[in-house]
Amino acid sequence: MSKESFYVTTPIYYVNDVPHIGHAYSTIIADALARYKRLSGYDVLFLTGTDEHGQKVEKAAREWGRTPQEHCDLMVGPFKELWRKLNISYDDFIRTTQERHIMVVQAIFQNLFSQGDIYKGFYEGWYCIHEETFYPESQLVEGCCPECGRPVEWLKEESYYFRSSKYQDQLLQYIKDNPDFIRPDFRRNEVVSFIKSGVQDTSVSRTTFKWGIPVPFDPDHVVYVWFDALINYLTGVGYLQDEEKTAKFWPADIHVIGKDIIRFHCVIWPMMLLSLGLPLPKQVLAHGFWMLGGAKMSKSTGVVVDPNRLIEEFGTDSIRYFLLREIAVGLDGEFTQDALIRRLNGDLANDLGNLVHRTVAMVMKYFDGEVPEAGELGALETVLRDETIGLALVVDELMNKTDIRGALMQIWGVIARANKYVDEAAPWALAREGQTEQLRTVMHTLLETIRVIAILISPVMPETAEKIWDQLGQSNFTSVTIEDARKWDMLALGTAVKKAAPLFPRVEIK
RNA sequence: GGCGGUGUAGCUCAGAUGGUUAGAGCACACGGUUCAUACCCGUGGCGUCGGAGGUUCAAAUCCUCCCACCGCUACCA
């Protein structure tokens with residue numbers, strides 16, 4: 001009996017970059033989805049990694065006086081370190097310089113060549129000798145190299161081509177038959193109109209530099225980085241290495257990507273898979289960018305937000321929550337510290353943090369911290385209970401549509417209800433009047449509600465969820481499942497809740 | 001240029017198939033409460049629904065034109 005599987009990926013990040021909030025965003029989305037599916041009982045494979053080939057890496061390594069491999073080994077560190085700080089639960093971390101990957105890329109290249117989908121031709125374009133790079137016409141600055149300003153010349157280079165043109169119709173059909181393949185849907189329309197305008201064959205090898213995977217039958221060529229990089233998704237499921245694993249996890253359920261690489265994931269990659277006779281991924285989820293003062297974040301413009309600094313200042317879960325709650329996946333968002341602090345103070349400190357804190361404080365005060373048994377539920381309790389145990393279903397529907405933001409909004413709806421319930425039930429009045437039975441019921445209802453909330457926020461805020469679990473005096477959070485969020489009266493009675501520091505300290509706005 | 005999209009309260013946005021006084025959150029003001037992280041609960045103001053025409057008993061919602069902004073329009077990761 002094998003459990004249902006779920007395979008989610010992030011882009012593999014180019015090692016020439018230092019990780020910024022954009023990288024973190026893709027990875028956090030994938031992590032939340034992966035965690036949610038694990039909670040739901042799926043066998044999950046969550047893959048991330050680094051893209052390490054290409055001319056830019058070769059050049060940077062040379063400038064640092066390192067070999068390209070040494071350079072990559074160094075540059076991969078900050079990514080792994082950031083993922084550790086962000087609590088990213090990846091199952092595998094792939095590097096395109098790993099032997100397992102090189103083997104797969106070469107085999108695939110050979111394969112497609114043998115079947116005639118890769119052929120030798122010529123790549124023509126504007127070439128800058130100094131930068132050793134081809135530039136598309138659109139990038140030239142007054143007919144000169146956009147990097148160094150020197151004149152460019154028209155050059156013809158031998159290159160292998162992938163016969164992508166052959167798969168246009170098949171791909172269009174697939175997109176038509178699978179409306180969820182490209183999300184959000186306005187991206188799907190863009191891709192469709194792009195394909196309809198005609199897809200040319202794609203150059204998939206280079207001869208102007210060396211740092212890449214050698215074309216197996218023609219050592220003058222290295223495999224073009226995108227062809228190389230996309231294949232990581234197959235290497236990661238053990239393609240050509242582990243048949244069972246491949247069968248279990250391929251096709252991928254979701255490739256999480258940024259909107260800048262839609263073309264590669266929604267056109268070239270599926271065409272490569274069609275050529276290989278493999279099923280296509282079920283979904284490519286393209287998210288938007290975080291902007292700073294209206295400008296796109298990028299290393300070259302120096303417009304970046306360093307996630308490490310943010311984590312130190314505001315905490316991992318706050319950042320995770322903000323990124324996933326503030327904007328709907330697919331749209332761009334403005335990253336400002338003010339907005340972050342508003343979410344932190346409002347949603348996290350005032351609503352969630354305070355709910356937990358005030359509840360635990362009352363249990364301490366009225367019952368010496370012991371989780372009380374409920375008496376008969378009144379109308380108020382019944383309403384809150386029903387809404388709470390119905391929440392998991394609503395959340396499930398939204399999470400399956402990858403609407404993480406919507407799910408969070410629903411959860412916060414119940415948090416608001418619970419805070420209101422405290423006011424309505426007025427436990428302090430019950431305590432004053434000595435209505436102990438009633439008071440037990442109220443506190444029990446609140447604790448149960450918080451228990452469910454802890455479970456449901458755990459994919460987005462794993463650390464906070466565990467802290468709450470601990471404060472509720474419960475143990476074994478790792479064995480909790482989504483089913484537990486649909487049941488009531490699951491708290492071990494008589495265990496001791498623990499008063500702790502507020503989950504989210506308010507941040508003063510300066 | 002071509003194709004597509006957006007323009008609704010100070011801010012971020014909801015508002016199938018046209019139909020009672022256009023909504024939410026945040027922010028703001030006032031009131032209540034005291035268990036709690038000066039928190040929570042309640043109440044309130046504010047909008048020529050980008051502009052102009054049109055269809056209709058009735059339009060934010062349909063049509064036409066205009067204005068503004070955005071995305072895509074092939075090889076940089």
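The chains referred to below are lettered A, B, ... by the order of the sequence lines, with proteins before strands, and numbering in each begins at 1. Both backbone and side-chain heavy atoms feed into the values below; hydrogens, waters and symmetry mates do not. As the structure is a prediction and not an experimental result, all values here were calculated from the model.
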Visitor: Could you tell me whether A:Arg405 contacts a base, only the sugar-phosphate backbone, or nothing, with contacts defined as non-hydrogen atoms closer than 4.0 Å?
Guide: nothing
Visitor: Between B:rC40, B:rC75, B:rA77, which nucleotide has the shortest distance from any of its atoms to the side chain of A:Gln200?
Guide: B:rC75
Visitor: Does any non-hydrogen side-chain atom of A:Tyr161 lie less than 4.5 Å from one of A:Ile118?
Guide: no
Visitor: So, A:His265 and A:Tyr233: side-chain donor and acceptor under 3.5 Å apart, yes or no?
Guide: yes
Visitor: How far does the P atom of B:rG50 sit from the matching atom of B:rG7, given to the nearest Å?
Guide: 8 Å
Visitor: Base, sugar-phosphate, or nothing for A:Ile268, non-hydrogen atoms under 4.0 angstrom?
Guide: nothing
Visitor: Is any side-chain N or O of A:Arg263 closer than 4.0 Å to OP1 or OP2 of B:rC72?
Guide: no
Visitor: Quick one: is A:Arg506 getting a side-chain N or O under 4.0 Å of the B:rC39 phosphate, OP1 or OP2?
Guide: yes
Visitor: In whole Å, what is the span from the CE atom of A:Met271 to the C1' atom of B:rC75?
Guide: 14 Å
Visitor: Please tell me which of A:Arg325 and A:Tyr421 maps to the more 5' nucleotide of RNA chain B, matching each residue to the nucleotide holding its nearest heavy atom.
Guide: A:Arg325
Visitor: I want to verify a distance call: between B:rC41, B:rC75, B:rC39, whose nearest atom is closest to the A:Thr202 side chain?
Guide: B:rC75
Visitor: Side chain of A:Lys365: nearest nucleotide among B:rC75, B:rC35, B:rU37?
Guide: B:rC35
Visitor: Closest approach to the side chain of A:Ser203, judged atom by atom: which nucleotide of B:rC75, B:rU37, B:rC35 is it?
Guide: B:rC75
Visitor: If the P atom of B:rC11 is compared with that of B:rA36, how far apart are they to the nearest Å?
Guide: 38 Å
Visitor: When you measure from the side chain of A:Arg187, which nucleotide among B:rU37, B:rG71, B:rC41 comes out closest?
Guide: B:rG71
Visitor: So what does A:Val199 hit on the nucleic acid, given a heavy-atom distance under 4.0 Å: a base, only sugar-phosphate, or nothing?
Guide: base
Visitor: Atom CG of A:Asn232 and atom OG1 of A:Thr10: how far apart are they, to the nearest 0.5 Å?
Guide: 8.0 Å
Visitor: For A:Lys120, does the NZ atom sit with more than 12 other heavy atoms under 6.0 Å from it, leaving out its own atoms?
Guide: yes
Visitor: For the side chain of A:Asn354, counting heavy atoms from C-beta on, which of B:rC35, B:rC40, B:rC75 is nearest?
Guide: B:rC40
Visitor: Please check if any side-chain donor atom of A:Thr445 sits under 3.5 Å from a side-chain acceptor atom of A:Glu381, or the reverse.
Guide: no
Visitor: Distance check needed: B:rC70 P versus A:Leu331 CG, whole Å only.
Guide: 16 Å
Visitor: P atom, B:rU61 versus B:rU55: distance in rounded Å?
Guide: 15 Å
Visitor: May I ask you to say what A:Gly333 touches in the nucleic acid, namely base, sugar-phosphate or nothing, with a heavy-atom cut-off under 4.0 Å?
Guide: nothing
Visitor: Is it true that A:Tyr160 and A:Tyr119 have ring centroids separated by less than 6.0 Å?
Guide: no
Visitor: Can you find a pair of side-chain heavy atoms, one from A:Thr9 and one from A:Thr48, that are under 4.5 Å apart?
Guide: no
Visitor: Assign each of A:Lys259 and A:Asp201 to its nearest nucleotide of RNA chain B by heavy atoms, then name whichever residue's nucleotide is nearer the 5' end.
Guide: A:Lys259
Visitor: The side chain of A:Asn419 is closest to which nucleotide in this list: B:rC41, B:rC39, B:rC35?
Guide: B:rC41
Visitor: Does A:Arg358 pair with A:Asp423 as a salt bridge, N-O distance under 4.0 Å?
Guide: yes
Visitor: Taking only the side-chain heavy atoms of A:Phe194 (C-beta and beyond), determine which of B:rU73, B:rC35, B:rC40 contains the nearest atom.
Guide: B:rU73
Visitor: Angle between ring planes, A:Phe109 versus A:Phe227, binned at 30° and 60°: parallel, tilted or perpendicular?
Guide: perpendicular
Visitor: Which whole number of Å gives the distance between the C1' atom of B:rG19 and that of B:rA58?
Guide: 6 Å
Visitor: When you measure from the side chain of A:His357, which nucleotide among B:rU37, B:rC40, B:rC35 comes out closest?
Guide: B:rU37
Visitor: Can you tell me how far P in B:rA29 sits from the matching atom in B:rU73, rounded to whole Å?
Guide: 47 Å
Visitor: Using the P atom as the point on both nucleotides, what is the distance between B:rG5 and B:rC62, in whole Å?
Guide: 12 Å
Visitor: Pairs counted only when both distances fall under 3.5 Å, Watson-Crick or G-U: show me the 5' to 3' dot-bracket for RNA chain B, [ ] for pseudoknotted crossings and | for other-strand partners.
Guide: (((((((..((((.....[...)))).(((((.......))))).....(((((..]....))))))))))))....
Visitor: Need one value for A:Gly353: base, sugar-phosphate or nothing, where a base atom within 4.0 Å counts as base even if backbone is also close, heavy atoms only.
Guide: base
Visitor: Of the options B:rA36, B:rG42, B:rA77, whose atoms approach the side-chain atoms of A:Tyr224 most closely?
Guide: B:rA77
Visitor: What distance, rounded to whole Å, do you find between the two C1' atoms, one in B:rC35 and one in B:rC41?
Guide: 13 Å
Visitor: Could you tell me how far B:rU21 sits from B:rC49 if I compare only their P atoms? Round to whole Å.
Guide: 15 Å
Visitor: Would you mind reading off the distance between A:Met272 atom CE and B:rC75 atom P, rounded to a whole angstrom?
Guide: 18 Å
